[in-house]
Amino acid sequence: MDQEIRVRFAPSPTGPLHIGGVRTALFNYLFAKRANGKFILRIEDTDQNRYVEGAEKYITDSLSWCGIISDEGVEGGGPYGPYRQSERGDIYKKFADQLVENGYAYHAFDSQEELDQMREKLKNQKSEVQQYNFLTRGEMKNALTMDTTEVEERIQSGQPYVIRLKTPENEKIHLKDIVYGDIVFESSQLDDKILFKSDGMPTYHLANVIDDHLMKITHVIRGSEWINSTPIHLLLYRFLDWDNELPVFAHLPLILKPSGQGKLSKRDGDQMGFPVFPLQWQNPQTGELNPGYKESGYFPEAFVNILALLGWNPGDEQEVFSMEELINKFSLDRIGKSGARFDPDKAKWFNHYYLNHKTNKELTEKYLPILYDKGLNPDLDYVEEVVALVRERANFVSDFWEQSFFFFKEPERYDPKVIKKKWKENTPAILNDIIKILEDIRTFSEENTEKTVKTYIQDNELSFGQVLNSLRLTLLGSGTGPSLFKIIEMLGKEESIKRIKHGIERIQK
RNA sequence: GCUCCCAUCGUCUAGUCUGGCCUAGGACGCCAGGUUUUCAUCCUGGUAACAGGGGUUCAAAUCCCCUUGGGAGUACCA
């Protein structure tokens with residue numbers, strides 16, 4: 001009875017995966033790992049029309065960036081492959097035929113126009129449902145309204161056909177969902193869904209049920225947009241005689257747009273000021289570029305942490321989790337039912353938190369490429385010192401440059417607001433005095449420069465703010481930043497004095 | 001339209017199943033104070049919610065019903 005827990009993440013390669021998709025993958029992964037089970041990555045590419053070049057690679061890259069590694073699937077294969085539905089041959093057709101044979105499904109020949117007509121007609125009649133179902137199928141072109149020889153002839157002659165599910169007229173279908181509890185559906189409300197398309201491919205409904213069964217999936221964890229089609233799947237399990245091996249269902253609450261209404265969609269993109277994709281994605285058709293969390297400077301640990309808390313919580317007050325901790329604490333029954341709005345501000349905070357729990361060395365390694373890009377080749381220890389100084393004021397490594405460029409090059413402009421406020425007539429004279437003072441200091445340390453300059457200010461009864469801010473202005477071009485005397489020390493005597501001189505000249509004019 | 005789902009601070013949420021310990025807790029944000037030559041960080045404090053109405057009960061955020069609001073699905077897409 002203690003069978004292995006097996007879950008799958010089954011995206012379709014129709015474009016980049018967005019946050020919601022990654023969260024579904026994450027929850028599957030956490031659940032599997034928690035139970036010592038298997039996480040399977042299956043690609044649902046039964047819709048050839050929507051296939052997008054590069055999307056599958058994008059999916060696997062995104063998951064591995066997050067640290068979500070599949071035990072079986074398109075990447076590493078496994079005992080139940082292939083894991084790409086388009087490669088699973090005639091598996092689906094066989095089961096579809098079996099359903100037809102047993103009277104649970106039937107062939108249909110209606111054209112798109114005829115279907116549209118039927119729906120239009122029902123709409124005009126103010127019918128409650130406009131569906132291909134037990135009420136309407138008797139008037140359509142299908143095996144239920146034709147005699148068997150005609151059906152045979154049509155199929156033999158190569159006429160396109162689909163196979164539809166013959167939904168029961170009047171029965172209740174019970175879904176036991178881990179998250180949502182018991183949900184009852186009326187079969188009369190269900191559509192005679194197409195199971196097998198005229199292009200020879202199964203639809204999602206058929207394919208996912210068959211594959212889940214064949215791949216021995218024990219738990220189906222997916223977004224709640226699937227709830228309404230679950231009764232179809234339940235019917236299929238029964239008609240295929242797999243009722244005794246039904247997987248457990250757990251539907252995840254939706255992720256909503258940060259503002260406005262509706263679920264977060266791929267389209268929301270950068271116009272909302274935050275990425276909706278894990279990795280940057282360039283649409284191969286339009287060339288349109290969508291930003292990703294990775295490229296925006298988020299750490300994967302932070303990203304995963306944010307996602308984990310969207311719809312799930314541990315029940316205590318901990319909110320920072322490593323993947324290990326998530327695996328240990330995760331459980332399906334602590335998933336909420338209501339949709340979660342994504343909060344970009346909190347996401348930033350998480351990244352800030354993670355950034356400040358890394359070592360200077362780690363951050364230095366991440367900063368270095370940016371510096372190289374600027375054409376700089378600074379001393380490693382120096383960079384590490386710089387990082388130590390600016391790290392706490394940054395949310396992202398990419399913030400470092402803006403906050404520390406003056407450690408690497410002389411400022412080119414001076415903040416006019418600070419000039420206006422702090423630069424007085426006597427400022428050049430004072431700064432010239434300071435230059436002299438600095439020149440005389442032998443051990444050019446933070447302590448020494450600070451002590452001497454402050455003594456000078458006091459002796460001359462000057463204002464600290466006035467003097468130090470204008471001094472800062474000449475050194476880094478702005479009125480903000482880390483400790484001034486630390487900067488002076490790191491710049492060194494020569495460079496500091498040079499900058500003060502230049503500052504005086506340039507601001508003077 | 002029809003079917004299904006959801007409803008606690010601005011946001012993520014704890015508490016709801018197993019009514020009383022809830023004058024509703026935490027986090028982000030915001031505001032104030034402290035630290036700092038400055039800005040940021042950091043620390044401290046504060047702001048702010050049980051959608052509304054009926055029941056049930058000694059007692060309801062917690063159970064039931066209705067209303068309202070929000071969401072999802074309704075394809076030869078997944």
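Predicted model only: the values in this text are computed from it and were never measured. Note on naming: letters A, B, ... go to the chains in the order of the sequence lines (proteins, then strands), and numbering restarts at 1 for each one.
Residues in residues 395-407 of chain A take part in no salt bridge (charged side-chain N to carboxylate O under 4.0 Å, His left out) pair, two or more places apart or across chains. Each salt bridge (charged side-chain N to carboxylate O under 4.0 Å, His left out) pair with one or both residues in residues 455-482 of chain A, not counting sequence neighbours, would appear here, but there are none. Listed by first then second residue, pairs satisfying salt bridge (charged side-chain N to carboxylate O under 4.0 Å, His left out) with a partner in residues 110-126 of chain A read Glu114(A)-Lys141(A), not counting sequence neighbours. Within the structure, side chain to side chain donor-acceptor pair (under 3.5 Å) pairs that include any residue of residues 8-18 of chain A comprise Arg8(A)-Asn208(A), Arg8(A)-Asp212(A) (at least two apart or interchain).
In this structure, Thr364(A) has no side-chain hydrogen bond (donor to acceptor under 3.5 Å, both in side chains) partners at least two apart in sequence or on a different chain. Applying the side-chain hydrogen bond (donor to acceptor under 3.5 Å, both in side chains) criterion to Tyr51(A), with sequence neighbours excluded, gives no partner residue. Looking at residues two or more places apart in sequence or on another chain, you find no side-chain hydrogen bond (donor to acceptor under 3.5 Å, both in side chains) involving Asp191(A). Applying the side chain to side chain contact (heavy atoms under 4.5 Å, CB included) test to Glu186(A) and every residue at least two apart in sequence or in another chain returns Asn170(A), Lys172(A), Ser188(A), Gln189(A). Residues passing the side-chain hydrogen bond (donor to acceptor under 3.5 Å, both in side chains) test with Thr167(A), sequence neighbours excluded: Asp192(A).
Proximity of residues 160-174 of chain A to RNA chain B (heavy atom under 4.0 angstrom from any strand atom) is restricted to Val162(A), Arg164(A). Residues of residues 120-132 of chain A having a heavy atom closer than 4.0 Å to RNA chain B, listed by number: Glu128(A), Val129(A), Gln131(A).
Atom name C1', nucleotides C50(B) and A7(B): the rounded distance is 10 Å, in whole Å.
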Using a cut-off of 4.0 Å between protein heavy atoms and nucleotide atoms, how would you tag nucleotides 28-42 of chain B 5' to 3' with B, S and -? B--------BBBBBS

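Ring geometry for Phe109(A) versus His107(A): interplanar angle under 30°, hence parallel rather than tilted (30 to 60°).
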